[in-house]
Structure formats: structure tokens, C-alpha cells
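Data first, discussion second: the structure below is written as C-alpha cells.
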Amino acid sequence: NAGVTQTPKFRVLKTGQSMTLLCAQDMNHEYMYWYRQDPGMGLRLIHYSVGEGTTAKGEVPDGYNVSRLKKQNFLLGLESAAPSQTSVYFCASSYSRQRTSSYNEQFFGPGTRLTVL
Amino acid sequence: AQKITQTQPGMFVQEKEAVTLDCTYDTSDPSYGLFWYKQPSSGEMIFLIYQGSYDQQNATEGRYSLNFQKARKSANLVISASQLGDSAMYFCAMETVGNEKLTFGTGTRLTIIP
């Protein structure tokens with residue numbers, strides 16, 4: 001099992017450019033998440049999905065869009081990148097969140113370091 | 001709204017000593033779970049330990065234990081016999097039933113001194 005994988009690992013964009021980050025999981029998880037991590041701020045949720053074909057906004061959704069066309073994939077798009085979107089982006093997945101238990105552990109990908117100039 | 005507070009931005013601990021990382025939380029929901037994750041310098045997030053709000057006993061996983069004080073809304077991580085490999089960022093996080101997201105604290109950077 002590869003677990004949760006993210007591509008690319010690093011990317012440098014110019015302001016105004018667009019890009020898509022791909023997250024894939026092979027654990028048959030229902031729930032998937034995109035976070036951003038900035039110094040001194042922990043991880044903040046951008047968008048999440050509770051199943052194929054569904055998406056929902058998290059804490060900091062502005063400037064991002066997502067799609068979950070297949071259960072195993074969760075895409076994060078930046079339509080017009082801004083320097084404020086320079087961050088490390090983490091994807092995560094979990095079985096379900098119907099009850100609070102250790103089975104709701106989120107499994108994280110290795111992260112994507114994005115720099116917007 | 002849920003909130004996690006980690007008041008220790010950084011800690012230095014001598015190797016082989018025990019260390020306690022503080023975490024306080026705020027929620028009005030009676031059913032919730034608390035997680036601790038480790039992030040080494042390589043960047044990946046590693047799940048360490050979980051405590052449910054209705055668990056009667058404090059959670060333990062090897063050298064990790066969770067000092068859960070429900071009335072004080074604290075869930076401190078205790079690492080016994082610290083090792084050099086424990087040097088990392090540590091994040092406390094909380095979820096509540098019906099809320100499909102984890103709320104993270106700002107983290108504590110732990111450095112183990114040989």
C-alpha cells in the first residue's frame with residue numbers, strides 16, 4: 001500500500017498562474033481533506049470531501065477549488081495563484097467521521113511545498 | 001466552535017528525561033476526540049495517540065501517554081525516556097461528532113539534547 005500520495009512534491013509559480021495538486025489514496029477511504037500549513041499557524045483545513053462527487057468548504061477555502069471525481073483522488077486547484085498561497089499543502093484521508101473513535105485517524109500525505117513569486 | 005491551544009512554542013529536554021507537552025481545548029460538544037501528531041523535520045505527519053471524551057482510562061501507546069483531565073479540558077502528551085529521534089514538531093488536534101474536520105493547535109517544537 002502506498003497510503004496517501006501527493007504530486008508534485010515541490011512547485012514554484014508566478015503570481016496569476018494556475019495549477020492543480022493531486023492527492024491519491026489506496027486505502028478505500030471515504031473522507032479526504034486538503035490542509036495548508038504555515039509557520040506558527042498549525043494546519044488549517046481548506047476543503048474536504050465526505051465521498052465521491054462531494055466537496056465542502058473548510059476554514060480557509062478562498063482562492064482554491066477542489067474536485068472528487070473518483071473515490072481515490074482529491075484534486076486541489078489554484079486558478080490564479082497569489083503570494084499569500086505560498087505554503088505547504090497536505091492531503092489526508094480517513095475511513096469515516098460518523099463517530100468519534102480511533103478509526104477516524106487521518107492518514108497524511110508527504111506534503112507539497114508551493115512557492116508563489 | 002472548537003479551539004486547541006498549545007502554549008509552548010518550543011521546548012528543550014535532556015535525552016532520557018520525560019517530557020510533557022501541553023494541550024488545552026475548548027468545545028461545548030460532549031462527544032469529541034483528541035489526537036496527537038508528530039511532524040519530524042522531514043515533514044510527514046505521524047499519528048501518535050488518541051483519546052476519546054468518553055474513554056475511562058488515559059490512552060497509552062508505547063512511550064507515549066495522554067494525561068487527560070476532562071474537567072480542566074486538557075490533554076497533555078507525555079513522552080517517557082525521551083530519545084534524540086523525538087525531536088520534532090508536535091500537534092494536538094480535536095474532532096467532534098458531526099464535525100468532519102480536525103482542529104489543530106499551533107504546535108510545540110521539541111528538541112532533545114544529547
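Worth saying up front: this structure is predicted, and the values here are computed from it rather than measured. Computed from heavy atoms alone, side chains included, the values below leave out hydrogens, waters and symmetry copies. Lettering of chains follows the sequences in order, A, B, ..., and the numbering in each one begins at 1.
Partners of A/K71 according to the salt bridge (charged side-chain N to carboxylate O under 4.0 Å, His left out) rule, which considers only residues two or more places apart in sequence or in another chain, are A/E30. For A/R11, there are no salt bridge (charged side-chain N to carboxylate O under 4.0 Å, His left out) partners at least two apart in sequence or on another chain.
With rounding to the nearest 0.5 angstrom, the CG atom of B/L102 is 10.0 Å from the CD atom of A/E105. In this structure, CZ on B/F35 lies 7.5 Å from CD on A/Q106, to the nearest 0.5 angstrom. Interatomic distance, B/Q39 CD to A/L43 CG, rounded to the nearest 0.5 Å: 7.0 Å. Taking OG of A/S94 as the start and CD of B/E95 as the end, the distance is 8.0 Å to the nearest 0.5 Å.
Counting non-hydrogen atoms of other residues, nucleotides and ligands closer than 6.0 Å to CD of A/E79 gives a total of 12 or fewer. More than 12 heavy atoms of other shown residues, nucleotides or ligands fall within 6.0 angstrom of atom NZ in B/K70.
Hydrophobic clustering of Ile, Leu, Val, Met, Phe, Trp and Tyr side chains at less than 4.5 Å, counting indirect connections, unites A/L21 with A/I46. Hydrophobic cluster membership differs between A/W34 and A/L22, with clusters built from Ile, Leu, Val, Met, Phe, Trp and Tyr side chains linked at under 4.5 angstrom. In terms of hydrophobic clustering, with Ile, Leu, Val, Met, Phe, Trp and Tyr side chains grouped at heavy-atom distances under 4.5 Å, A/F90 and A/L75 are assigned to different clusters. B/V19 is connected to B/L66 through a chain of hydrophobic side-chain contacts under 4.5 Å among Ile, Leu, Val, Met, Phe, Trp and Tyr, so both are in one cluster.
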When the side chains of residues 107-117 of chain A are checked against the rest of the protein, which donor-acceptor pairs come out under 3.5 Å, sequence neighbours left out?
from: A/T112; atom 1: OG1; to: A/Q6; atom 2: NE2; distance (Å): 3.4
from: A/T112; atom 1: OG1; to: A/P8; atom 2: O; distance (Å): 2.6

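Within residues 105-114 of chain B, the residues having any heavy atom under 4.5 Å from a heavy atom of chain A are, by residue number, B/G105, B/T106.
You'll find the side chain of A/Q37 reaches within 4.5 Å of the side chain of B/F91, heavy atoms only.
Of the atoms belonging to B/Y37, it is side-chain heavy atoms, and not backbone ones, that fall under 4.5 Å from chain A.
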